[in-house]
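A short write-up of the structure that comes next.
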Number of protein chains: 2
Amino acid sequence: MLDRPIEEFLRDRGLRATPQRVLVVEALMDASHPDVETIFAYAQARQSTMSLATVYNVLDKLRAAGVVMVLDFHGRRYYDLRVESHDHVRCRNCGRLDDILRDPNTRLIRPAAHPWVIEDQSLVWQGLCPVCQNGYSHA
Amino acid sequence: MLDRPIEEFLRDRGLRATPQRVLVVEALMDASHPDVETIFAYAQARQSTMSLATVYNVLDKLRAAGVVMVLDFHGRRYYDLRVESHDHVRCRNCGRLDDILRDPNTRLIRPAAHPWVIEDQSLVWQGLCPVCQNGYSHA
DNA sequence: TTTTTAACTAATAATCATTCTAATCTAGGA
DNA sequence: TCCTAGATTAGAATGATTATTAGTTAAAAA
């Protein structure tokens with residue numbers, strides 16, 4: 001993967017294109033829904049002075065800029081470069097997360113990687129509860 | 001709420017009916033998807049010696065016995081007495097969680113409490129990924 | 001009912017993920 | 001090239017959860 005496109009990607013979104021940020025985005029492209037530990041390992045292998053705090057800082061900037069979405073499982077956070085609302089499959093054994101792709105034509109729903117054994121499904125809606133509908137906007 | 005039914009409820013599931021466990025189950029019935037802090041506050045108000053560690057221990061016992069399910073949001077855990085697979089609404093402002101009830105006849109999906117403003121929905125499937133299908137069973 | 005025992009409780013310490021702090025550095029505009 | 005707001009760094013601090021351990025108790029056996 002070339003460096004130039006990622007730096008442009010960042011600047012296009014009003015973010016300074018530091019080497020650390022490029023590495024974090026690379027890590028996000030390299031793995032499926034990595035957690036902080038995975039991203040840190042990727043970046044530190046390529047820049048030994050990389051700090052864990054920087055990974056957290058960068059991920060929070062990316063989230064605030066609408067570049068990544070955050071998923072919570074088992075008290076850990078996982079990051080996904082796809083920010084449009086979409087769905088996930090999770091392995092109950094190893095915790096692996098994949099996207100579920102919806103076919104816009106057939107409306108069929110199918111997992112991104114085929115041979116998953118699906119045991120359970122649950123829907124999570126998000127919005128504003130009755131109490132919070134009176135003039136709030138922050139999460 | 002009477003004590004007797006909860007104690008029977010616990011014993012029916014092979015769990016010893018200690019006063020602490022009864023308080024935790026009461027707390028779970030009292031609030032919608034409480035977190036550990038909420039359960040602890042409820043129990044400690046009624047038994048001042050209640051320990052936070054006991055709340056964690058009891059919740060884990062209840063989970064292992066299939067009495068509660070655990071939900072992860074924002075690095076925190078929320079507990080639900082309903083263990084059958086079902087769906088949730090979450091308020092992006094205050095974090096409140098409610099169950100979504102499905103009508104088994106009409107298959108209509110509607111939130112338990114009416115006037116929620118729904119802004120997003122996402123599906124989470126759980127199962128076994130391709131790698132983990134070769135002789136695993138533990139989560 | 002009394003005894004026995006395995007299971008439970010609770011205080012503390014330990015761990016893990018995440019956030020904060022304060023000093024230093026740098027990307028990008030002037 | 002210089003300037004400076006913003007970014008990075010290392011380490012300390014926080015907060016939720018888990019582990020340890022000694023003492024306690026519920027429930028089964030006698």
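Chain identifiers are assigned alphabetically (A, B, ...) following the order of the sequence lines, protein sequences preceding nucleic acid strands; residue numbering begins at 1 within each chain.
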For this session: Return the nearest nucleotide to the side chain of R16(A); candidates are dT9(C), dA16(D), dA7(D).
Result: dA7(D)

Problem set entry | Euclidean distance, atom CZ of residue F40(B) to atom P of dG15(D) [Å, nearest integer] | 16 Å

Exercise. Can you tell me if the side-chain N/O atoms of Q44(B) get under 4.0 Å from OP1 or OP2 in dA10(C)?
Worked result: no

For this session: Can you tell me the distance, in whole Å, between the CZ atom of R77(A) and the P atom of dC16(C)?
Result: 18 Å

Problem set entry | Nucleic acid contacts of residues 52-71 of chain A, taken as heavy-atom distances under 4.0 Å to DNA chain C | L52(A), A53(A), Y56(A)

Exercise. Starting at CG of D35(B) and ending at C1' of dG15(D), how long is that distance when rounded to a whole Å?
Worked result: 13 Å

Problem set entry | Over-ring placement of R46(A) relative to Y42(A), 6.0 Å and 45° cut-offs | yes

Exercise. Parallel, tilted or perpendicular: which describes the rings of H88(B) and H33(B), with under 30° parallel and over 60° perpendicular?
Worked result: perpendicular

For this session: Rounded to the nearest angstrom, tell me the gap between atom CG in D12(A) and atom C1' in dA27(C).
Result: 16 Å

For this session: Specify the separation, in whole Å, of atom CG of L10(A) and atom P of dG6(D).
Result: 17 Å

Exercise. Closest to the R21(A) side chain: dT9(C), dA27(D), dT8(D)?
Worked result: dT8(D)

Problem set entry | Which residue lies more 5' along DNA chain D, comparing E37(B) with A17(B) via nearest heavy atoms | E37(B)

Exercise. How many angstroms lie between CH2 in W116(A) and SG in C132(B), if you round to the nearest 0.5 Å?
Worked result: 8.0 Å

Problem set entry | D99(B) and D87(B), any side-chain heavy atoms less than 4.5 Å apart | no

For this session: Give the rounded distance in Å between these two atoms: CZ of R13(B) and P of dA26(D).
Result: 21 Å

Exercise. Rounded to whole angstrom units, what separation is found between the CE atom of M50(A) and the P atom of dT8(D)?
Worked result: 7 Å

Exercise. Does T18(A) place a side-chain N or O at less than 4.0 Å from the phosphate oxygens OP1/OP2 of dT26(C)?
Worked result: no

Exercise. Ion pair present between R77(A) and D35(A), side-chain N to carboxylate O less than 4.0 angstrom?
Worked result: no

Exercise. Quick one: which of dA17(C), dT9(D), dT9(C) gets closest to the side chain of T49(A)?
Worked result: dT9(D)

Exercise. Any cation-pi pair here, R13(A) with F9(A), using under 6.0 Å and within 45°?
Worked result: yes

Problem set entry | Length of the line joining Q20(B):CD and dT9(C):C1', which is rounded to integer Å | 6 Å

Exercise. Is the closest side-chain heavy-atom distance between R21(B) and R16(B) below 4.5 Å?
Worked result: yes

